[in-house]
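Data block below; observations after.
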Amino acid sequence: MSGELPLECTHLARELAGLRASTGLSLAGLAARTTASKSSWQRYLGGTQIPPPELVTELCALAGEPPARLLALRELAELSRRHPQPRPAPPAPEEPSRKTGPATAEEPPDAGTPDTGQPHAPPPATPASVPTLRRFLRRRKVALAGAGALATAAVVAGALLLGGAGEEPEDIGVWPGCVGERCRGKQAQSQGCGLKGSGMRTVAEREYGRQTVVELRYSPTCRASWVRIRFGATGDRIEIAGPDKESQSAEVADKYDAQNYLPTPMLAGGPEGMTACLVRADGGERHCFGR
């Protein structure tokens with residue numbers, strides 16, 4: 001794709017990047033666990049190419065997300081690439097009047113023609129203007145066909161993105177993939193809950209050792225909370241527990257997890273009453289804190 005990227009392609013790339021971030025994998029780690037190379041993933045996440053559906057499904061599997069929503073976004077991006085909206089042609093310069101030279105702002109009606117208040121009939125098309133009109137109509141037909149396909153895909157994608165009817169999110173700038181109870185067990189980044197513009201914030205954090213940091217995070221847009229760890233050790237486990245003792249957890253599985261952010265799935269509800277815990281791999285020492 002050349003020039004400015006279609007908005008649908010930019011949106012897909014942002015969602016894919018968020019999903020990749022939720023896995024905690026670097027580009028090299030992502031390439032090692034999927035059928036695409038590091039350079040290919042760089043193009044897909046940068047929006048310069050659209051990944052095949054199989055790769056979208058592989059990435060969703062790594063992130064523990066159902067693939068339907070991302071596949072719908074991919075289809076929307078593919079349609080926008082196939083049917084770009086044409087830019088309107090600039091208007092042709094007006095020809096000078098044969099009678100008086102250059103046209104003035106207003107010209108009186110011809111003598112002997114009563115001014116009835118009705119617009120004058122347009123002049124007949126000249127032979128030179130007919131091909132131009134035909135080209136315009138062809139471009140309009142293609143644009144309308146593309147717009148119809150995009151509208152159909154948008155309806156499907158919108159239904160999948162919203163996750164069905166139910167709770168209305170707060171208007172903070174990002175329309176999330178889930179709200180409240182629908183966020184339970186899902187990853188914040190892939191649902192838009194951890195993106196800039198969602199109102200997401202860290203409500204409490206603790207530092208352990210020289211670099212390990214555990215954060216309790218909350219998105220008012222999604223009305224959900226989660227915990228993430230930064231620079232953990234392989235085997236460390238983080239947990240989030242709600243007031244009703246429901247919990248979610250994640251474990252630092254390898255060096256890729258250890259070198260990046262690793263989040264737990266979300267729990268529905270605000271940070272009040274939520275507890276974040278770190279269970280150390282060496283000895284099982286448990287550290288917990290709340291807001």
Side-chain angles (χ1 to χ4, degrees), residues 14-25 30 33 56-73 157-170 172 174-195 198-204 214-230 232 236-254 256-257 260-279 286 288-291:
R14 186 171 64 243
E15 288 291 320
L16 291 174
L19 203 59
R20 194 272 298 181
S22 73
T23 67
L25 294 173
L30 195 60
R33 299 189 181 195
V56 174
T57 302
E58 289 180 33
L59 180 57
C60 289
L62 286 174
E65 289 293 321
R69 188 177 71 91
L70 268 295
L71 288 173
L73 287 178
L160 290 168
L161 285 170
L162 297 181
E167 302 167 277
E168 294 291 331
E170 298 177 16
I172 300 182
V174 170
W175 193 269
C178 66
V179 178
E181 293 296 327
R182 294 183 181 273
C183 293
R184 178 182 285 113
K186 296 180 179 179
Q187 290 290 342
Q189 199 76 7
S190 63
Q191 298 299 314
C193 305
L195 297 178
S198 70
M200 177 274 303
R201 60 181 182 268
T202 297
V203 297
V214 177
E215 301 169 302
L216 175 60
R217 295 162 75 80
Y218 170 64
S219 168
T221 305
C222 298
R223 296 203 283 273
S225 303
W226 66 98
V227 169
R228 77 173 183 179
I229 185 172
R230 221 176 347 151
D236 283 352
R237 188 174 76 254
I238 51 172
E239 301 172 355
I240 181 171
D244 57 356
K245 305 305 180 185
E246 181 186 7
S247 65
Q248 297 285 350
S249 64
E251 183 172 324
V252 181
D254 51 32
Y256 301 114
D257 288 347
N260 295 277
Y261 290 104
L262 176 69
T264 67
M266 293 183 285
L267 286 181
E272 297 80 7
M274 297 286 184
T275 301
C277 293
L278 167 66
V279 182
R286 188 181 187 87
C288 296
F289 63 94
R291 183 175 182 180

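Starting from 1, each residue takes its place in the sequence as its number. This structure is a prediction, so every number in the text was calculated from the model and none was measured. What's counted below: heavy atoms across the whole structure, side chains too, no hydrogens, waters or symmetry copies.
- If you check the gamma sulfurs of C222 and C183, they are not less than 2.5 Å from each other.
- Nearest heavy-atom pair, L216 versus A276, reported as atom, atom and distance to 0.1 Å: CB-CB, 4.4 Å.
- At distances below 3.5 Å, not a single donor-acceptor pair connects side-chain atoms of R291 with backbone N or O atoms of G273.
- In this structure, CZ on R237 lies 12.5 Å from CG on L262, to the nearest 0.5 angstrom.
- Atom CZ of R217 and atom OH of Y261 lie 7.5 Å apart (nearest 0.5 Å).
- Heavy atoms only, all atoms of each residue included: A268 and G180 are closest at CB-O, 3.4 Å.
- Closest approach of A224 and M266 over heavy atoms only: CB-SD, 3.8 Å.
- The OG atom of S22 sits 9.5 Å away from atom CD of Q191, with the distance rounded to the nearest 0.5 Å.
- Across every non-hydrogen atom of W226 and P265, the tightest pair is CB-O, 3.9 Å.
- Interatomic distance, I238 CD1 to E215 CD, rounded to the nearest 0.5 Å: 10.0 Å.
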Fill in: Test log, rule side chain to side chain contact (heavy atoms under 4.5 Å, CB included), inputs L73 and V56
CA-CA 10 Å; L73 287 178; V56 174; over 6 Å; no

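- A donor-acceptor contact shorter than 3.5 Å is absent between the side chain of S225 and the backbone of L267.
- The minimum heavy-atom distance between G242 and M274, with the atom names listed, is CA-SD, 3.7 Å.
- Contact of the D236 side chain with the D257 side chain is not registered, since no non-hydrogen atoms from C-beta on lie closer than 4.5 Å.
- When atom types are taken as modelled, the side chain of E65 and the backbone of Q187 share a donor-acceptor pair closer than 3.5 angstrom.
- Residues R184 and C178 have side chains not in contact (no heavy-atom distance under 4.5 Å, counting atoms from C-beta outward).
- Taking CG from L16 and SG from C60, the interatomic distance works out to 8.0 Å, rounded to the nearest 0.5 Å.
- Considering CZ of R20 and CG of L62, their distance stands at 12.0 Å, rounded to 0.5 Å.
- The two residues E239 and V227 come nearest to each other via the heavy atoms O-CG2, 3.7 Å.
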